[in-house]
Number of protein chains: 2
Amino acid sequence: MKDYINLLKKHNLKITPQRLAILKYLDTHYTHPTVDEIYNTLKKTNPSLSKTTVYNSLEILNTHHIIQPLHITGHERRYDLRKDIHHHFLCRSCGNIQDLDINCPNIKKIQEQGYNIEEVHGYFKGICLDCQKREETHK
Amino acid sequence: MKDYINLLKKHNLKITPQRLAILKYLDTHYTHPTVDEIYNTLKKTNPSLSKTTVYNSLEILNTHHIIQPLHITGHERRYDLRKDIHHHFLCRSCGNIQDLDINCPNIKKIQEQGYNIEEVHGYFKGICLDCQKREETHK
DNA sequence: ATTCAATATTGTAATCATTACATTTTATCA
DNA sequence: TGATAAAATGTAATGATTACAATATTGAAT
Ligand SMILES: [Mn+2]
Ligand SMILES: [Mn+2]
Ligand SMILES: [Zn+2]
Ligand SMILES: [Zn+2]
């Protein structure tokens, strides 16, 4: 990525240090962070940052389809700079959310049934590979 | 369904009118209702019902895998008496949530990669068939 | 470079869903 | 029919998100 300024310009969004910082954060942390994670980290180098601005910025980036929200945990929103359709795995043990790069043949099928699909969310939950190994060695 | 009493017995859960009413509601309304929808409806015939009881009952039914929660809208929990894996379509226009009876070949693939999968959520959002027709006729 | 209007940021208060908790009631079983 | 553990109830607390009013900044026109 890198050229966040032109990305915002392309969408006729005003270029502000807050938006640039949020875009950069998402671009360098593909961990599907929460609003609080983004806010608390950026607050360190930008002490005047308001949490409302983080919410507002994420909202407008979402409406312009630059980022997408995930509802995988069920109690907090998370954000993803990747805008292509991909699925996610949430580990019950470590809490990490991993990308699953598998293509979903069902999307096409459902569209063929006549549905107009605008969003796809594929969430899998369980124990990730790392945590399984860790449990093994602890026996 | 029908035999909610034995269902609760099988899971060593106490048989209470509240739990029976909630089970019956979910069994006769496969609309993936919210807690408030369940509460407000049952409140009419059971005025002493507490919303906390609805939350508690749904929680214990969930831990016993009798029902499953959906996080499809992103801002409220919904419940489904169907416990088999199936996917859902949320219509942006009418708000209805429909079951999609498609099998997901990715589950097997991800398991083959070593993941231990405990939950699967497939959410699709867009405009449902009925709403598309309605829009057509309104032109 | 300066000015200005539109837009963004900020801080605080409000809202909404959910959870915690103390009290009262009920289900189950001896 | 009690006794006891579990459940139901009502209220208060929490946590994430949104609303809103005041201030500051951006970007374009001068
Ligand atoms: Mn992702
Ligand atoms: Mn369903
Ligand atoms: Zn893990
Ligand atoms: Zn519809």
Side-chain angles (χ1 to χ4, degrees), chain A residues 4-23 25 32-64 66-79 95, chain B residues 4-25 32-64 66-79 95 97:
Chain A
Y4 313 118
I5 290 178
N6 268 317
L7 178 62
L8 293 174
K9 270 188 187 162
K10 217 187 322 180
H11 288 268
N12 288 310
L13 295 171
K14 285 197 176 171
I15 290 123
T16 69
Q18 293 86 346
R19 289 175 179 175
L20 292 174
I22 290 167
L23 276 175
Y25 184 85
H32 314 93
T34 63
V35 172
D36 269 30
E37 281 164 28
I38 298 168
Y39 170 69
N40 288 320
T41 306
L42 297 182
K43 185 95 180 156
K44 290 173 192 162
T45 51
N46 185 354
S48 74
L49 182 66
S50 164
K51 198 183 279 186
T52 302
T53 298
V54 180
Y55 274 104
N56 289 342
S57 301
L58 292 169
E59 173 59 23
I60 203 163
L61 292 173
N62 177 27
T63 61
H64 284 262
I66 296 168
I67 62 175
Q68 60 173 313
L70 308 183
H71 319 296
I72 191 167
T73 67
H75 64 274
E76 66 195 345
R77 218 174 285 157
R78 287 163 175 275
Y79 284 95
Chain B
Y4 313 118
I5 290 178
N6 267 317
L7 178 62
L8 292 174
K9 270 186 186 162
K10 217 188 319 180
H11 288 269
N12 288 311
L13 295 172
K14 285 197 178 173
I15 289 124
T16 70
Q18 292 86 348
R19 287 174 181 178
L20 292 174
I22 291 166
L23 276 176
K24 185 179 177 183
Y25 185 86
H32 314 93
T34 62
V35 173
D36 269 29
E37 281 164 27
I38 299 168
Y39 171 70
N40 288 320
T41 306
L42 298 183
K43 183 95 180 158
K44 290 172 192 164
T45 51
N46 185 354
S48 74
L49 182 66
S50 165
K51 198 183 278 186
T52 302
T53 298
V54 180
Y55 273 104
N56 288 342
S57 301
L58 292 169
E59 172 59 24
I60 202 163
L61 292 172
N62 177 28
T63 60
H64 284 262
I66 296 168
I67 61 175
Q68 60 172 314
L70 308 183
H71 318 297
I72 191 167
T73 67
H75 64 275
E76 65 195 345
R77 219 174 284 159
R78 287 165 175 273
Y79 283 96
I97 296 172

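Note that the structure is predicted; figures quoted are calculated from it, not measured. A note on names: the letters A, B, ... follow the listed sequences, proteins ahead of strands, and every chain is numbered from 1.
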For the backbone of [Y] and the side chain of [X], can you confirm whether one donor and one acceptor N or O come within less than 3.5 Å of each other?
| X | Y | answer |
| --- | --- | --- |
| A:Thr53 | A:Leu49 | no |
| B:Asn40 | B:Asp36 | yes |
| A:Arg77 | A:Pro69 | no |
| B:Arg19 | B:Lys14 | yes |
| B:Thr63 | B:Ile60 | yes |

Tell me whether the side-chain N or O atoms of B:Thr52 pair up with the base of D:dT11 as donor and acceptor below 3.5 Å, since no angle test is needed here. yes

Along DNA chain D (nearest heavy atom to each residue), the more 5'-positioned of B:Gly74 and B:Arg19: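 That would be B:Arg19.
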
Gap between atoms [atom1] and [atom2], on [X] and [N] respectively (whole Å):
| X | N | atom1 | atom2 | answer |
| --- | --- | --- | --- | --- |
| B:Asn56 | C:dA22 | CG | P | 15 Å |
| B:Lys9 | C:dT28 | NZ | C1' | 11 Å |
| B:Lys51 | D:dT14 | NZ | C1' | 16 Å |
| A:Leu61 | C:dT9 | CG | C1' | 15 Å |
| A:Tyr79 | D:dA16 | OH | P | 14 Å |
| B:Glu76 | D:dG15 | CD | C1' | 17 Å |
| A:Asn6 | D:dG27 | CG | C1' | 15 Å |
| B:Lys14 | C:dT26 | NZ | C1' | 8 Å |

[X] side-chain N/O to [N] phosphate OP1/OP2 under 4.0 Å:
| X | N | answer |
| --- | --- | --- |
| B:Ser48 | D:dT9 | yes |
| B:Arg77 | C:dC16 | no |
| A:Gln18 | D:dT25 | no |

Candidate pair B:Leu23 and B:Leu7, rule side chain to side chain contact (heavy atoms under 4.5 Å, CB included), full reasoning: CA-CA 10 Å; B:Leu23 276 176; B:Leu7 178 62; 4.1 Å; yes

At 4.0 Å (heavy atoms only), tell me whether [X] reaches a base, stays on the sugar-phosphate, or touches nothing.
| X | value |
| --- | --- |
| A:Thr34 | nothing |
| B:Pro17 | sugar-phosphate |
| A:Thr16 | sugar-phosphate |

Taking everything shown except B:Lys43 itself, do over 12 heavy atoms lie less than 6.0 Å from its NZ? yes

Comparing A:Lys43 and A:Ile60 on DNA chain C - which has the more 5′ nearest nucleotide: A:Ile60

Please tell me which of A:Asn12 and B:Leu13 maps to the more 5' nucleotide of DNA chain C, matching each residue to the nucleotide holding its nearest heavy atom.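 Checking each residue's closest nucleotide, the 5'-ward one belongs to A:Asn12.
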
Among all residues two or more places apart in sequence or in another chain, which pass the ring pair (Phe, Tyr, Trp, His ring centres under 6.0 Å) test with A:Tyr25? A:His29

The side chain of [X] lies closest to which of these nucleotides: [options]?
| X | options | answer |
| --- | --- | --- |
| B:Leu49 | D:dT9, C:dG11, C:dA8 | D:dT9 |
| B:Ile15 | C:dT28, C:dT10, C:dA6 | C:dT28 |
| B:Asp36 | D:dG10, C:dA17, D:dG27 | C:dA17 |
| B:Thr53 | C:dA27, D:dT9, C:dA8 | D:dT9 |
| B:Tyr55 | C:dA17, D:dA6, D:dC20 | C:dA17 |

Estimate the overall bend of the helix from C:dA1-D:dT30 to C:dA30-D:dT1 from the end axes over five pairs each, rounded to 10 degrees. 30°

